[in-house]
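Predicted model, so just to flag it, every value in this text is computed and none were measured. All values below come from the heavy atoms of this structure, side chains included, with hydrogens, waters and symmetry mates left out. We number each residue from 1, following the sequence as shown.
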Amino acid sequence: MTELRREAWGPHGDPDRHLSLRELREAHAALPAEDGDLGELKLICRRLPDGRRETPDEVVLSVEEGVPGDGWSRRPPRDPEAQIAVINQQVVELLANGQPVTLSGDNLYVAIDISAENMPTGTRLAVGEARLRVSPKPHNGCAKFHDRFGADALRFVQDSATRHKNLRGIYWQVEDAGRVWVGAPIRVLRD
């Protein structure tokens, strides 16, 4: 394990692409509902030391590194509960409004219902050949999110009326290492 260190901020957003709170709410209300038990991995992203984003077609998720080569394993604080950042593909496309979705800085972009009702803390999932579980750590917007998607987007994802929908995303932790790929099935493991 190398020493943890601060890295580049990453890409900035385009303020001309930021949507108003009204536009975000209206567009979100029009999105089709996602399945709660079966889904698909739409995109994999790792954050490089220089702030750029890389989108491999497949990776082997590990307990030690999460997404290999991602900033999580290189930067402080390396919180185990924030190992894999996950966001719903439909929601991030709405937030990005024509910008690259990888601006969000998440690792896995998914087509499945990630709401707290459907995926409460501790929910176990099969993603490709890996096994993961939902972390208790909330995934909140930050200064980077504000810069990339705007003040109204930050209000939108933090709104108490919809916070349970996890519009900013959630965190997963790797339980069993395994290969994942773009198009891999996601299955909620209901005990």
Side-chain angles (χ1 to χ4, degrees), residues 1 4 10 33-48 53-96 101-142 144-145 148 157-158 162-191:
M1 178 65 173
L4 300 179
E34 296 276 10
D35 190 284
D37 291 322
L38 299 172
E40 181 180 338
L41 179 57
K42 303 301 264 183
L43 185 69
I44 303 165
C45 180
R46 61 179 147 220
R47 298 159 297 177
L48 302 177
R53 308 296 197 243
E54 184 176 66
T55 55
D57 291 331
E58 70 176 59
V59 296
V60 176
L61 300 179
S62 75
V63 174
E64 300 78 24
E65 287 189 285
V67 174
D70 180 61
W72 177 84
S73 64
R74 293 185 309 271
R75 298 188 305 228
R78 199 167 188 263
D79 181 351
E81 292 185 353
Q83 186 180 46
I84 307 276
V86 179
I87 195 164
N88 179 277
Q89 181 74 20
Q90 290 185 120
V91 172
V92 75
E93 287 175 355
L94 169 62
L95 294 166
V101 295
T102 56
L103 276 177
S104 70
D106 295 284
N107 301 118
L108 302 181
Y109 297 72
V110 300
I112 193 167
D113 178 0
I114 62 170
S115 70
E117 180 180 11
N118 189 59
M119 285 189 193
T121 297
T123 298
R124 296 183 65 246
L125 304 113
V127 182
E129 298 169 355
R131 298 294 176 266
L132 299 102
R133 70 179 151 75
V134 176
S135 167
K137 183 177 183 75
H139 193 15
N140 301 314
C142 61
K144 291 178 186 179
F145 185 89
R148 294 168 183 161
V157 301
Q158 292 180 342
T162 55
R163 184 65 187 96
H164 66 283
K165 293 183 179 190
N166 292 326
L167 300 176
R168 174 56 194 98
I170 59 177
Y171 290 112
W172 292 349
Q173 293 174 269
V174 179
E175 283 192 335
D176 295 312
R179 185 175 67 92
V180 300
W181 57 94
V182 173
I186 299 171
R187 185 169 43 93
V188 175
L189 302 174
R190 309 269 186 214
D191 294 331

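At least one side-chain heavy atom of R78 sits less than 4.5 Å from a side-chain heavy atom of S73. Side chains of V134 and I170 form a contact here, defined as non-hydrogen atoms less than 4.5 Å apart. In this structure, the side chains of V59 and P68 come closer than 4.5 Å at one or more pairs of heavy atoms. Within the 4.5 Å cutoff, no side-chain heavy atoms of L125 are placed close to those of L189. Proximity of D37 to R190: side-chain heavy atoms (C-beta onward) are separated by under 4.5 Å at one or more points. The shortest distance between side-chain heavy atoms of N140 and R163 falls below 4.5 Å.
With rounding to the nearest 0.5 Å, the separation of CG in L167 from OG in S115 is 9.5 Å. Note that CZ of R133 is 10.0 Å distant from OG1 of T121, once rounded to the nearest 0.5 Å. Atom CD of E117 is separated from atom CG of N166 by 11.5 Å, given to the nearest 0.5 angstrom. Rounding to the nearest 0.5 angstrom, the gap separating the CG atom in L61 from the CD1 atom in I84 is 5.0 Å. The structure places CE of M119 at 5.0 Å from CH2 of W172, a figure rounded to the nearest 0.5 Å. Taken to the nearest 0.5 Å, the SG atom of C45 stands 9.5 Å off from the CG atom of L103.
Within a 6.0 Å radius of CZ in R179, more than 12 heavy atoms belonging to other residues, nucleotides or ligands are found.
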Point to revise | Pair K42-V182, side chain to side chain contact (heavy atoms under 4.5 Å, CB included): steps then yes or no | key: CA-CA 5 Å; K42 303 301 264 183; V182 173; 5.9 Å; no
Exercise for review: Could you go through the side chain to side chain contact (heavy atoms under 4.5 Å, CB included) check for T55 and L43 one step at a time?
Suggested key: CA-CA 7 Å; T55 55; L43 185 69; 4.0 Å; yes
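A donor-acceptor contact shorter than 3.5 Å is absent between the side chain of R187 and the backbone of A126. Side-chain atoms of T162 do not come within 3.5 Å of backbone N or O of K165 as any donor-acceptor pair. Checking side-chain atoms of D106 against main-chain N and O of L108 turns up no donor-acceptor pair under 3.5 Å. W72 contributes no side-chain N or O that, together with a main-chain N or O of A85, makes up a donor-acceptor pair within less than 3.5 Å. With D70 contributing its side chain and R47 its backbone, the two residues share a donor-acceptor pair below 3.5 Å. A donor-acceptor pair under 3.5 Å is formed between the side chain of N118 and the backbone N or O of D113.
At a cut-off of 3.5 Å, with distance as the only test, no side-chain donor of E81 or Q173 sits close to an acceptor on the other residue. Between the side chains of Y109 and T102, no donor-acceptor pair is found at a separation under 3.5 Å.
Pairing each heavy atom of V86 with each of I114, the nearest pair is O-CD1, 4.3 Å. Annotation for G36 and V188: closest pair O-CG2, 3.3 Å, computed over non-hydrogen atoms. What you find for V174 and Q83 is that their closest heavy atoms are N-OE1, 2.8 Å. Scanning all heavy atoms of the two residues, the minimum distance from W181 to E58 falls at CB-CB, 3.6 Å. The shortest non-hydrogen separation linking I186 to V110 is CD1-CG1, 3.5 Å. Summarising the geometry of I112 relative to N88, their closest heavy-atom pair is O-ND2, 3.2 Å, with the distance given to 0.1 Å.
Ion pairing between a basic and an acidic side chain is recognised when a charged N comes within 4.0 Å of a carboxylate O; E54 and R46 show such pairing.
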